[in-house]
Protein chains: 2
Amino acid sequence: MENYAEKLKNNLQIDGKKITKSRKEIVNCISNITEHFDADDIYDKLKKDGKNISRASVYRTIPILLKNKIIKEASIYKRRTKYEVVKENEHHDHIICKMCGKIIEFKNDEIEKLQETICKKYDFVLTEHNLELKGYCSKCYKKLMRK
Amino acid sequence: MENYAEKLKNNLQIDGKKITKSRKEIVNCISNITEHFDADDIYDKLKKDGKNISRASVYRTIPILLKNKIIKEASIYKRRTKYEVVKENEHHDHIICKMCGKIIEFKNDEIEKLQETICKKYDFVLTEHNLELKGYCSKCYKKLMRK
DNA sequence: GTGCGTGCAAAGGATTTGCATATAC
DNA sequence: GTATATGCAAATCCTTTGCACGCAC
């Protein structure tokens, strides 16, 4: 379990930025989200919890969270950017439905091993990777076929 | 060299859609582009060539080109969708050096097969994928180690 | 002739920004 | 006290859409 609030605090101090109530609430809010989320998800969740933090503040905090690797961009769906909380040692890849935006996370050791093999072949040292499989979930594919 | 105009024509006829001047101009325009482009790039290029086709038509033609696999989404940068012309049998993935930016293109059939297997497992129909391996090329890695 | 496609301008919608005020330090 | 952050509403900007007209078939 990582302490995102602490991480943010340290990074803000280094940058000479302020540790405000809004920022603390936002980082606290997202650290409880396990799925993917967008700016409005944060805004709504805060509002539901009685915290009246403006959309502007949410949007202005997101770049800070990105920079400090507390969240990362997961996908963009219908012009809306989706994020996920960064968890150390929990890498996974994504399957994305192009129609409904559904996202499935997976991890495949065989693929990871092959990636290593490929990089060795090209004399590269692999440090990270990003694999996105795009297509249609069974529901959407059926819809598509009916047309 | 593929004949995109012909491909579009055939597909439009199958769908009972019309082969209009605008659509012909647009497909002709993009078939000469080798880099990535967005909707406005098409609009501007057409305008420069004296073809006054509205932005609306460009935007309305893009989904048709996507559907017919004449173009595909390449990336989204600053809320602007970038496309590239689809070239048959030219799929590849990328290895990218984080230090010098060197890019190596590769293709690995085993990984592609595994992707299919994974999608089947999750009841997804795979239509496209994107795999980026990031790390350091041997030269840069040595530099890094010397530090 | 009919229905699909086009152009125009207006609408949409996520995100950004200017400005006055509030707050962390 | 001062610089940075916030909230609000307005602005931005890519993209979509309604509508009247035009064109492919």
Side-chain angles (χ1 to χ4, degrees), chain A residues 5-6 8-30 36-47 49-68 71 73-83 98-99 101 147, chain B residues 5 8-30 36-47 50-68 71 73-83:
Chain A
E6 194 65 26
L8 177 67
K9 193 182 155 196
N10 294 338
N11 284 308
L12 287 173
Q13 285 178 331
I14 290 165
D15 286 357
K17 302 279 178 85
K18 289 173 182 169
I19 299 143
T20 64
K21 212 173 131 189
S22 301
R23 288 174 178 166
K24 277 191 282 187
E25 292 292 8
I26 291 170
V27 84
N28 183 48
C29 169
I30 58 134
H36 295 190
F37 56 89
D38 58 37
D40 251 36
D41 290 333
I42 302 177
Y43 175 74
D44 291 342
K45 200 165 183 290
L46 286 168
K47 176 155 263 179
D49 291 354
K51 326 276 187 191
N52 272 347
I53 291 164
S54 72
R55 258 195 195 78
S57 287
V58 172
Y59 275 107
R60 280 192 272 233
T61 303
I62 286 173
I64 297 173
L65 299 176
L66 282 171
K67 193 190 164 204
N68 296 324
I71 62 174
E73 211 181 289
S75 63
I76 297 174
Y77 178 65
K78 295 210 175 178
R79 301 178 62 63
R80 204 182 260 258
T81 308
K82 300 273 180 186
Y83 304 94
K98 292 193 287 184
M99 215 160 156
K147 276 181 189 163
Chain B
L8 177 67
K9 193 181 156 196
N10 294 338
N11 283 308
L12 286 173
Q13 284 176 333
I14 290 164
D15 288 357
K17 301 278 179 87
K18 289 172 182 169
I19 299 143
T20 64
K21 212 174 130 189
S22 301
R23 287 173 179 168
K24 278 191 281 187
E25 292 292 7
I26 290 169
V27 84
N28 184 49
C29 169
I30 58 132
H36 294 190
F37 57 89
D38 58 39
D40 252 37
D41 291 332
I42 302 177
Y43 176 75
D44 291 341
K45 200 166 183 289
L46 286 166
K47 176 155 263 179
K51 327 277 186 191
N52 271 346
I53 291 164
S54 71
R55 258 195 195 79
S57 286
V58 173
Y59 275 108
R60 278 191 274 233
T61 303
I62 286 174
I64 297 172
L65 300 176
L66 282 172
K67 192 188 165 204
N68 296 324
I71 61 173
E73 211 181 289
S75 61
I76 298 173
Y77 179 64
K78 294 208 177 184
R79 299 180 62 64
R80 207 182 258 259
T81 307
K82 300 275 179 183
Y83 304 94

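Each chain gets a letter, A, B and so on, in the order the sequences are listed, and its residues count up from 1.
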Exercise for the section: Spell out, as yes or no, whether a donor-acceptor pair under 3.5 Å connects the side chain of B:Asp44 to the backbone of B:Asp41. Expected result: no
Exercise for the section: Return the value, rounded to whole Å, for the distance between atom CD1 of A:Ile26 and atom C1' of D:dG7. Expected result: 12 Å
Practice task
Assign A:Lys17 to base, sugar-phosphate, or nothing according to its heavy-atom contacts below 4.0 angstrom with the strands shown.
Solution key: sugar-phosphate
Problem - Heavy-atom pair with the smallest gap, counting every atom of B:Glu73 and B:Thr81 - result: CG-CG2, 3.4 Å
Problem - Separation of atom CD in A:Glu25 from atom P in D:dA5, rounded to whole Å - result: 17 Å
Handout entry: Euclidean distance, atom NZ of residue B:Lys24 to atom C1' of D:dC23 [Å, nearest integer]
Key = 12 Å
Handout entry: Heavy atoms from other residues, nucleotides or ligands near NZ of A:Lys45 exceed 12 (cutoff 6.0 Å)
Key = yes
Practice task
Starting from the 5' end of DNA chain D, give me the residue, B:Asp40 or B:Lys21, whose nearest nucleotide shows up first.
Solution key: B:Asp40
Problem - Side-chain (B:Asn28) to main-chain (B:Lys24) donor-acceptor, under 3.5 angstrom - result: no
Practice task
Look at the side chain of A:Tyr43 and the backbone N and O of A:Ala56, then say whether any donor-acceptor pair between them is shorter than 3.5 Å.
Solution key: no
Handout entry: Neighbour count above 12 (heavy atom, 6.0 Å) for A:Lys82 NZ
Key = yes
Exercise for the section: Would you indicate, yes or no, if D:dA24 has its OP1 or OP2 atom less than 4.0 angstrom from a side-chain nitrogen or oxygen of B:Thr20? Expected result: no
Practice task
With heavy atoms under 4.0 Å as the rule, sort B:Arg80 into base, sugar-phosphate or nothing.
Solution key: sugar-phosphate
Problem - Contact nearer the 5' end of DNA chain C, comparing B:Leu12 with B:Arg79 - result: B:Leu12
Problem - Sugar-phosphate, base or nothing in reach of B:Asn52, heavy atoms under 4.0 Å - result: sugar-phosphate
Handout entry: Side-chain touch B:Tyr83/B:Leu66, heavy atoms, less than 4.5 angstrom
Key = yes
Practice task
Taking the side chain as every heavy atom from C-beta outward, state whether A:Asp40 and A:Arg55 have any atom pair closer than 4.5 Å.
Solution key: yes
Exercise for the section: Specify the separation, in whole Å, of atom CD1 of B:Ile14 and atom C1' of D:dC25. Expected result: 17 Å
Exercise for the section: Using a heavy-atom cut-off of under 4.0 Å over every strand shown, decide if A:Asp38 touches base, sugar-phosphate, or nothing. Expected result: nothing
Handout entry: Euclidean distance, atom NZ of residue B:Lys9 to atom C1' of D:dC25 [Å, nearest integer]
Key = 13 Å
Practice task
Send over the distance from A:Ile76 CD1 to D:dT15 P, rounded to a whole Å.
Solution key: 11 Å
Fill in the blank from the handout: Residue pairs passing the side-chain hydrogen bond (donor to acceptor under 3.5 Å, both in side chains) test with at least one member in residues 9-19 of chain B, sequence neighbours excluded, are B:Asp15-B:Lys67
Exercise for the section: Please list residues of residues 55-63 of chain A whose heavy atoms come under 4.0 Å from any atom in DNA chain D, ordered by number; otherwise none. Expected result: A:Ala56, A:Ser57, A:Arg60
Fill in the blank from the handout: Bounded by its outermost nucleotides with an atom under 4.0 Å from a heavy atom of chain B, the footprint on DNA chain C reads C:dG3 to C:dT15
